[in-house]
Amino acid sequence: ISTGEWKSYEDLLKSPSVLEQPDSDEVDGWYYNSRAMLRRKTELALALGLQGVMIWEAGQDCRVNEVRRGGNVHVQTCPGGSSHSLL
């Protein structure tokens with residue numbers, strides 16, 4: 001997408017397409033690293049003997065459980081529970 005527009009993983013999970021194809025790396029024209037892709041990249045790093053992998057902005061992952069901090073309540077946003085969480 002050339003507009004500079006972006007969506008978080010949490011936003012992408014709101015699409016029914018994710019539930020239909022959980023290992024896909026594309027949702028409605030948006031591309032991301034799915035759990036399956038992260039697994040393949042980690043396995044490749046291990047096979048190549050690399051010392052680690054980097055995860056960019058895991059803070060935009062969806063929430064498996066409701067989170068309460070102070071007076072704020074952040075509702076669960078993973079439609080499939082932990083099976084849709086990146087972490």
Over all atoms of both residues, closest heavy-atom pair of E26 and Y32
N-CE2, 3.8 Å
Is L50 isolated, or which residues cluster with it under the ILVMFWY side-chain rule of less than 4.5 Å, directly or via members?
L44, L48
Could you state the interatomic distance from CD (Q51) to CG (L46), rounded to the nearest 0.5 Å?
10.5 Å
Looking at R35 and D25, does any basic side-chain N land under 4.0 Å from a carboxylate oxygen?
no
How many angstroms lie between CD in E20 and OG in S15, if you round to the nearest 0.5 Å?
7.5 Å
Ignoring hydrogens, what is the shortest heavy-atom contact between S24 and S34? Give both atom names and the distance.
O-CB, 3.3 Å
Closest non-hydrogen atom pair between A45 and G52, with its separation:
CB-O, 4.4 Å
Quick one: closest heavy-atom pair of L12 and V27, and the distance?
O-CG1, 4.0 Å
Quick one, K41 and N33 - any side-chain contact, counting heavy atoms below 4.5 Å?
yes
